Amino acid sequence: MPQVQTVRGPVDTAELGPTLMHEHVFVLTADVQQNYPGEWGSEDDRVADAVEKLRKLAATGVRTIVDPTVIGLGRYIPRIQRIAEQVDLNIVVATGCYTYDDVPFFFHHRGPALNAAVGAEVPDPMVDMFVGDIRDGIAGTGVRAAFLKCAIDHQGLTPGVERVMRAVAQAHRATGAPITVHTHPGSRTGLEVHKVMADEGVDPGRVVLGHSGDTTDADHLTELAEAGFVLGMDRFGINLDTTFEARADIVVEMCRRGFAGQMVLSQDASCYIDWLAPGVMDLLPQWHYTHIHEDVLPYLREQGVTEEQITTMLVDNPRRYFENVGTY
Ligand SMILES: [Zn+2]
């Protein structure tokens, strides 16, 4: 029976159940938080708040969340372990690096940056870091990452973005762990991902193109789905530059075009994200963990999306994505 690693240990992929494929527990700027902890407040209060919000999510029937919080987003697994102990939900964690332009300074003078100086190809230490998180666990916690994450935004395939993407692809080849890429479909960055993944020999079926649901360009999404990628329709509730209907209607349209087997649903929500000033969340009243079950699924059903298609997107596609994980 194939298994996937979660914060509480391995789970049979058949037991993942309804799965939200891109939800954070926390998104934090770690060194700012270490020095200016005033807004964060008490660790116990934040943990209790997360437990309460995730219990509400579990009450909708969701069994698993997939959390792509990696380097650059404040990943801290001991805190997630405390929360996972108190919530009846599988939490799947990631390894990788989140940047839209350059690699973090830690990596500036390591790995390929030294090629010219030593006159040889120096392996990227990121690859071993990612592989270690997947095979051995993260920072001595015993919790193993089950998937890989990188990003490309409107800046495109900068040297730093490409370096991380290739390291992620190489760690994928070494471990079989699937990949989620933050993309910017308005700049058609999925096509850049396609080029790099093809060059690295990665099957697009093992890659979620995150934030595909930010666009309403069905032809572009069709092109990416036909290339074999999984489309992350994963920002329901972030309706600043778009609307609830626009996000939902593109899912309806892609189902109509026959791509339910290549979409996953999520909200990219979190219990606390320090990127937003207090009060900004008030502008996004639907951006929370239960929006899909409370608002989106009823709308999709009204628009003719079948129960079978919903199960495909929430259960079968996530299960298939993780099917090879845990065998290495
Ligand atoms: Zn995210």
Side-chain angles (χ1 to χ4, degrees), residues 6-7 19-30 33 50 53-54 57 62 64-77 79-80 83 89-101 104 130 133 138 145-155 161 164-165 168 177-187 189-190 193 207-215 229-242 247 251 263-276 280-281 283-284 286-292 296 313-314 317-318 321-322:
T6 76
V7 173
T19 300
L20 300 182
M21 282 282 282
H22 190 130
E23 306 293 344
H24 301 271
V25 181
F26 299 108
V27 175
L28 300 171
T29 314
Q33 290 289 349
K53 286 172 176 161
L54 290 168
L57 172 58
V62 166
T64 304
I65 61 167
V66 176
D67 180 347
T69 305
V70 293
I71 298 305
L73 295 169
R75 186 183 71 177
Y76 183 61
I77 297 299
R79 185 180 293 127
I80 305 299
I83 292 162
L89 200 63
N90 302 311
I91 304 178
V92 179
V93 301
T95 186
C97 181
Y98 185 87
T99 180
Y100 297 170
D101 38 54
F130 301 162
D133 283 354
I138 298 167
F147 70 114
L148 291 141
K149 165 83 178 289
C150 60
I152 178 169
D153 206 85
H154 66 88
Q155 295 89 336
V161 162
V164 175
M165 199 176 289
V168 158
I179 300 171
T180 288
V181 187
H182 161 112
T183 66
H184 186 259
S187 314
T189 52
V193 177
V207 181
V208 169
L209 296 178
H211 314 330
S212 290
D214 286 1
T215 186
F229 288 102
V230 182
L231 305 176
M233 315 307 272
D234 53 17
R235 277 180 156 175
F236 282 104
I238 309 184
N239 299 329
L240 272 183
D241 305 321
T242 182
R247 286 195 182 279
V251 173
M263 286 190 283
V264 291
L265 307 179
S266 215
Q267 296 148 145
D268 202 3
S270 49
C271 299
Y272 174 83
I273 171 168
D274 70 11
W275 296 6
L276 304 175
V280 175
M281 286 298 283
L283 303 174
L284 296 162
Q286 292 183 308
W287 196 27
H288 56 77
Y289 290 137
T290 56
H291 173 50
I292 285 181
V296 177
M313 294 186 282
L314 284 178
N317 296 343
Y321 173 79
F322 283 115

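What you see below is based on every heavy atom in this structure, not just the backbone, and it leaves out hydrogens, waters and symmetry mates. When a ligand or atom number is given, it counts from 1 through the structure's own listing order. In this chain, numbering begins with 1 at the start of the sequence shown. Remember, predicted model here, so these are calculated numbers, not experimental data.
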Original post:
For the Zn ion (ligand 1), does an N/O/S atom of H22 lie at less than 2.8 Å?
Top reply: yes
Original post:
Any N/O/S of H24 under 2.8 Å from the Zn ion (ligand 1)?
Top reply: yes
**OP:** Give the name of the N/O/S atom in D268 that lies closest to the Zn ion (ligand 1).
**Re:** OD1
Subject >> Sole candidate of T69, D67, D133 that passes side chain to side chain donor-acceptor pair (under 3.5 Å) when paired with R75 >> reply: D133
Original post:
side chain to side chain donor-acceptor pair (under 3.5 Å) with S266: which of H22, R235, E23?
Top reply: E23
Original post:
So, do L28 and Y272 sit near enough that their side-chain heavy atoms are less than 4.5 Å apart?
Top reply: yes
**OP:** Using modelled atom types only, decide if a donor and an acceptor are shared between the side chain of D234 and the backbone of L265 within a distance under 3.5 Å.
**Re:** no
